[in-house]
Amino acid sequence: MNLLNLFTRSSQTKEPEKVEASAQWIKCKSCHSLMYYKEVENQNYVCPKCGFHIRIGVKERIALLADEGTFVEHDANLEPIDPLKFVDSKPYTKRIAEGVAKTGRKSSVVSGSCEMNGVAVEVIIFDFAFMGGSLGSVEGEKIVRAVNRAIENNHGLIIFSASGGARMQESTFSLLQMSKTSAALAKLGQHNLPYISVLTDPTMGGVSASFATLGDIIIAEPGALVGFAGQRVIEQTIGSELPDGFQRAEFLLEKGSIDMIVNRNELKKTLSDLLILLKKD
């Protein structure tokens, strides 16, 4: 045997798969603890040290709440258009394309039907990764269609909000969705079907000023930022400082603006129980 072969890597030998060490760890934005990623994932992205709720995407939200194999998506083919030919720092069409490339979906809302602990329900889940979860014409239409399905199937409706507000690139078309969705939810109430609103971090702007705060029960995740305008804008407008955390879920609960704060790990059971209690046959 050639001794050189003992010290030379064969060309057919596969390189071991490299895993970046940094990808195995995550730092909590609240307590700044460095934790093993799998540990946080197993806790549904709730910091095991301080209870901080890390933002999660639609995929994680569905896995957390829907009974296995029961989620069916609706209206995935709906996609926004550019009626105003809007251009700010870049064309609206380009922003849409970037959102599609980033998330793999055509809008900031996923609409579907599923079961939670055996209770059938219609769900709307906002995806903050798609243009900041902004509310546009497609998102409003998906909500209205979900309401109609809830009435047709005699189901309750849950909306999980995570949004920066109305989509400025659609101007008045976007603002109209506030009244459109609110009117649809009123129709849901006329059929004695429950609507539960879940506010996640963040829920701001036109979303918080319309359907997000119209629930029969309004739930927030711990620490969720909820409000209309940002704190700095409000302080500049009124000319005075605001108390710390005045737009956080805990402050809103203290002032009676929401009904309860529920830890993410307890959310599925809470929602399924409420759907049973609120539904009137």
Side-chain angles (χ1 to χ4, degrees), residues 30 46 50-56 61 65 116 119 121 123-126 128 133 135 143 147 150 156-166 175 177-280:
S30 179
V46 176
C50 69
F52 177 75
H53 281 50
I54 300 166
R55 293 179 185 177
I56 60 175
R61 184 73 65 183
L65 297 167
M116 293 183 186
V119 182
V121 64
V123 296
I124 291 287
I125 305 172
F126 273 78
F128 195 76
L135 174 66
I143 292 172
V147 169
L157 171 69
I158 304 175
I159 298 181
F160 300 87
S161 299
S163 175
L175 295 176
Q177 306 312 308
M178 296 170 63
S179 58
K180 177 179 177 178
T181 54
S182 298
L185 290 169
K187 187 169 63 172
L188 189 71
Q190 291 169 1
H191 286 78
N192 293 321
L193 294 170
Y195 162 47
I196 301 174
S197 177
V198 181
L199 313 179
T200 71
D201 186 61
T203 300
M204 300 293 291
V207 170
S208 70
S210 55
F211 58 84
T213 49
L214 292 178
D216 298 310
I217 297 288
I218 303 174
I219 298 173
E221 288 190 333
L225 180 68
V226 181
F228 184 70
Q231 181 170 343
R232 184 175 59 182
V233 173
I234 297 173
E235 288 179 338
Q236 290 175 346
T237 302
I238 66 176
S240 62
E241 292 186 4
L242 295 165
D244 291 337
F246 90 106
Q247 288 182 318
R248 294 292 174 179
E250 291 73 14
F251 185 89
L252 297 176
L253 179 64
E254 179 185 342
K255 301 301 180 182
S257 296
I258 62 176
D259 296 300
M260 62 178 74
I261 296 174
V262 180
N263 187 289
R264 188 177 292 160
N265 295 316
E266 301 170 358
L267 191 56
K268 181 176 181 178
K269 183 180 186 307
T270 300
L271 289 172
S272 61
D273 288 347
L274 284 172
L275 287 170
I276 295 172
L277 288 171
L278 292 173
K279 190 172 180 180
K280 301 175 183 178

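What's counted below: heavy atoms across the whole structure, side chains too, no hydrogens, waters or symmetry copies. Keep in mind it's a predicted model, so treat the numbers as computed, not measured.
Residues Ile158 and Leu275 are in side-chain contact: their nearest non-hydrogen atoms beyond the backbone lie under 4.5 Å apart. Looking at heavy atoms from C-beta onward, Val46 lies out of side-chain contact with Ile54 at the 4.5 angstrom threshold. Counting heavy atoms from C-beta outward, Ile125 and Leu65 have side chains that stay 4.5 Å or more apart. Within the 4.5 Å cutoff, no side-chain heavy atoms of Glu235 are placed close to those of Ser240.
When every heavy atom of Ala209 is checked against every heavy atom of Thr213, the shortest pair comes out as C-OG1, 4.4 Å. Of all the heavy atoms in Ile234 and Phe246, the pair that sits closest is CD1-CZ, 3.7 Å. Across all their heavy atoms, Leu214 and Ile218 have their closest contact at N-CD1, 4.5 Å. Pairing each heavy atom of Ala229 with each of Gln247, the nearest pair is O-NE2, 2.7 Å. Scanning both residues, Ala249 and Gly223, for their nearest heavy atoms gives CB-N, 4.1 Å. In terms of heavy-atom proximity, Arg264 sits nearest to His53 at N-NE2, 2.9 Å.
Considering Val123, Leu199, Ile219 as possible partners of Phe160, the one that fulfils the side-chain contact (heavy atoms from CB on, under 4.5 Å) test is Val123.
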Would Ile217 and Leu278 satisfy side chain to side chain contact (heavy atoms under 4.5 Å, CB included), going step by step from the backbone distance to the final call? CA-CA 9 Å; Ile217 297 288; Leu278 292 173; 3.7 Å; yes
Step-by-step side chain to side chain contact (heavy atoms under 4.5 Å, CB included) determination, Asp259 to Asp216: CA-CA 9 Å; Asp259 296 300; Asp216 298 310; over 6 Å; no
Determine, stepwise, if the pair Lys269 / Met116 fulfils side chain to side chain contact (heavy atoms under 4.5 Å, CB included). CA-CA 8 Å; Lys269 183 180 186 307; Met116 293 183 186; over 6 Å; no
Which is it for Ile196 and Leu157 under the side chain to side chain contact (heavy atoms under 4.5 Å, CB included) test, yes or no, and what are the steps along the way? CA-CA 6 Å; Ile196 301 174; Leu157 171 69; over 6 Å; no
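Under the 30°/60° scheme for interplanar angles, the aromatic rings of Phe211 and Phe126 are found to lie parallel.
In this structure, Lys180 NZ and Ser210 OG are separated by 13.0 Å, a value rounded to the nearest 0.5 Å. To the nearest 0.5 Å, the span separating CD1 on Ile124 from OG1 on Thr181 amounts to 10.5 Å. Once rounded to the nearest 0.5 Å, the distance linking CG of Asp244 with CD of Gln231 reads 7.0 Å. Atoms CG and CZ, on Leu253 and Phe251 in that order, are 11.5 Å from each other to the nearest 0.5 Å. Taking CG of Leu175 as the reference point, atom CG of Leu135 lies at 9.0 Å (rounded to 0.5 Å). Between the CD1 atom in Ile56 and the CZ atom in Phe128 there is a gap of 14.5 Å [rounded to 0.5 Å].
Other residues, nucleotides and ligands place no more than 12 heavy atoms under 6.0 Å from the CZ atom of Phe228.
Of the possible polar contacts, one joining the Ser163 side chain to the Gly133 backbone as a donor-acceptor pair under 3.5 Å is found. In this structure, the side chain of Ser197 engages the main chain of Ala212 through a donor-acceptor pair within 3.5 Å. Between the side chain of Thr200 and the backbone N or O of Ser161, at least one donor-acceptor pair lies under 3.5 Å.
Look at Arg61 and Glu221 and you find a salt bridge, because one of the NZ, NE, NH1 or NH2 atoms lies within 4.0 Å of a carboxylate O, short of that distance. Between Asp201 and Arg248, at least one side-chain N (NZ, or NE/NH1/NH2) sits under 4.0 Å from a carboxylate O, which counts as a salt bridge.
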